[in-house]
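One structure is given here, and the rest of the page talks about it.
Any value given below was found using the heavy atoms of this structure, including those in side chains, with hydrogens, waters and symmetry copies removed.
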Amino acid sequence: MREIRSWKRALKITVALVAVSSFFYFLTPLFSLQRYGIRPRTLPGLAGILFSPFLHGDINHLTANSLSFLILGTVFFAIIRDRAFLKITLFAVLGGFGTWLLGRQGSNHIGMSGVIYGIMGYMMSLGFFEKRLSAILLSAAAFFLYGGALWGVLPGNPAMSWESHLCGFISGIAVAWFFSNKR
């Protein structure tokens with residue numbers, strides 16, 4: 001019964017975050033919200049660490065990120081349970097700050113993909129750090145289902161934030177390592 005409650009709670013969290021992201025998407029044309037993305041090495045760009053996951057460039061960007069986040073986010077929130085707030089904060093700070101430090105000058109990084117890549121990094125590396133059968137199976141499944149997305153951490157499409165993907169992925173690995181060593 002506890003497991004079912006955990007999955008229901010996880011789904012509620014992801015649906016709520018996607019709803020917030022969708023709400024901001026429809027407000028963006030009215031208030032030019034995209035300016036609150038991560039703008040590397042600028043003081044106002046630091047605010048993007050908190051706001052950028054909720055901002056998207058177009059409906060395709062919002063839809064792609066929402067679907068990925070609904071799947072990966074639900075699994076993530078269901079498996080982390082009581083440590084959720086600290087881990088998510090670490091994802092946002094480590095991944096977003098990395099993007100702020102390493103991003104291309106003059107660029108503006110928006111979207112939830114940095115968080116999604118953080119979740120992927122966490123899930124794909126958890127088995128390596130925890131060495132429990134359930135964690136290893138989760139890592140193997142995540143790699144099997146989402147391993148192809150790892151190409152997104154490499155420079156390619158100039159309209160896509162590979163820096164956000166890379167920094168998110170690395171932050172997910174760092175958080176998995178940190179919390180695995182705490183046990």
Side-chain angles (χ1 to χ4, degrees), residues 10 12-77 80 83-124 146 149-176 178:
K12 285 179 187 176
I13 291 169
T14 56
V15 167
L17 290 171
V18 166
V20 168
S21 195
S22 299
F23 175 75
F24 281 113
Y25 172 74
F26 291 107
L27 288 180
T28 296
L30 300 173
F31 300 104
S32 302
L33 296 178
Q34 290 181 346
R35 70 178 182 258
Y36 295 108
I38 298 173
R39 288 179 283 148
R41 295 171 301 286
T42 66
L43 196 56
L46 283 171
I49 293 171
L50 298 176
F51 298 121
S52 66
F54 301 106
L55 306 174
H56 292 85
D58 59 36
I59 195 72
N60 293 329
H61 187 206
L62 174 66
T63 302
N65 278 347
S66 295
L67 290 174
S68 295
F69 185 72
L70 280 170
I71 295 166
L72 288 171
T74 300
V75 173
F76 175 71
F77 286 115
I80 61 171
R83 301 173 296 189
F85 181 76
L86 185 55
K87 283 186 180 182
I88 293 163
T89 302
L90 283 173
F91 278 141
V93 171
L94 291 175
F97 190 69
T99 303
W100 184 83
L101 281 175
L102 302 175
R104 292 163 280 173
Q105 190 64 38
S107 60
N108 185 31
H109 302 263
I110 59 172
M112 201 177 280
S113 58
V115 174
I116 293 166
Y117 273 81
I119 293 170
M120 280 179 17
Y122 178 87
M123 287 186 192
M124 288 182 184
Y146 291 95
L150 291 177
W151 290 107
V153 303
L154 300 173
N157 181 350
M160 185 173 54
S161 176
W162 66 270
E163 300 97 329
S164 182
H165 297 173
L166 177 63
C167 292
F169 190 75
I170 291 170
S171 74
I173 294 169
V175 171
F178 179 78

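For the side-chain hydrogen bond (donor to acceptor under 3.5 Å, both in side chains) condition, the pairs that include at least one residue of residues 57-66, sequence neighbours left out, are His56-Asn65, His61-Asn65. Applying the salt bridge (charged side-chain N to carboxylate O under 4.0 Å, His left out) test to pairs two or more places apart or on separate chains, those with a residue in residues 163-172 are Arg104-Glu163. Sorted by first then second residue, the side-chain hydrogen bond (donor to acceptor under 3.5 Å, both in side chains) pairs that include residues 29-53, not counting sequence neighbours, are Arg41-Gln105. Pairs passing the salt bridge (charged side-chain N to carboxylate O under 4.0 Å, His left out) check and including a residue from residues 106-123, sequence neighbours excluded, do not occur.
Across all non-hydrogen atoms, the minimal contact from Ser21 to Pro53 is OG-O, 3.8 Å. Across every non-hydrogen atom of Ile173 and Gly121, the tightest pair is CG1-O, 3.6 Å. The minimum heavy-atom distance linking Phe169 with Met120 is given by the pair CE1-C, 4.0 Å.
In terms of the side-chain contact (heavy atoms from CB on, under 4.5 Å) criterion, residue partners of Phe31 (sequence neighbours excluded) are, by chain and number, Leu27, Leu33. Here Ser113 pairs with His165 under the side chain to side chain donor-acceptor pair (under 3.5 Å) rule; sequence neighbours left out. With sequence neighbours excluded, no residue satisfies side chain to side chain donor-acceptor pair (under 3.5 Å) with Ser68. Take Thr28 and apply the side chain to side chain donor-acceptor pair (under 3.5 Å) test, not counting sequence neighbours, and it matches no residue.
Counting heavy-atom neighbours within 6.0 Å of Leu30 CG, excluding the residue itself, gives a total above 12.
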Show me, pair by pair, the donor-acceptor contacts under 3.5 angstrom made by side chains of residues 149-161, not counting sequence neighbours?
unit_1: Asn157; atom_1: OD1; unit_2: Ala159; atom_2: N; d: 2.9
unit_1: Ser161; atom_1: OG; unit_2: His109; atom_2: ND1; d: 2.5
unit_1: Ser161; atom_1: OG; unit_2: Ser164; atom_2: N; d: 3.0

Identify every side-chain donor-acceptor pair in residues 92-99 under 3.5 Å, counting partners at least two apart or on other chains, and give the distances.
unit_1: Thr99; atom_1: OG1; unit_2: Gly95; atom_2: O; d: 3.0

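Here the side chains of Ile119 and Phe69 are in contact, with some heavy-atom distance below 4.5 Å. Taking the side chain as every heavy atom from C-beta outward, Leu166 and Tyr117 never approach each other to under 4.5 Å. Side chains of Leu72 and Val75 form no contact here, defined as non-hydrogen atoms less than 4.5 Å apart.
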For this session: Decide side chain to side chain contact (heavy atoms under 4.5 Å, CB included) for Ile71 and Tyr146; before the verdict, give the C-alpha distance in whole Å, the side-chain angles of both, and the deciding distance to 0.1 Å.
Result: CA-CA 11 Å; Ile71 295 166; Tyr146 291 95; 3.2 Å; yes

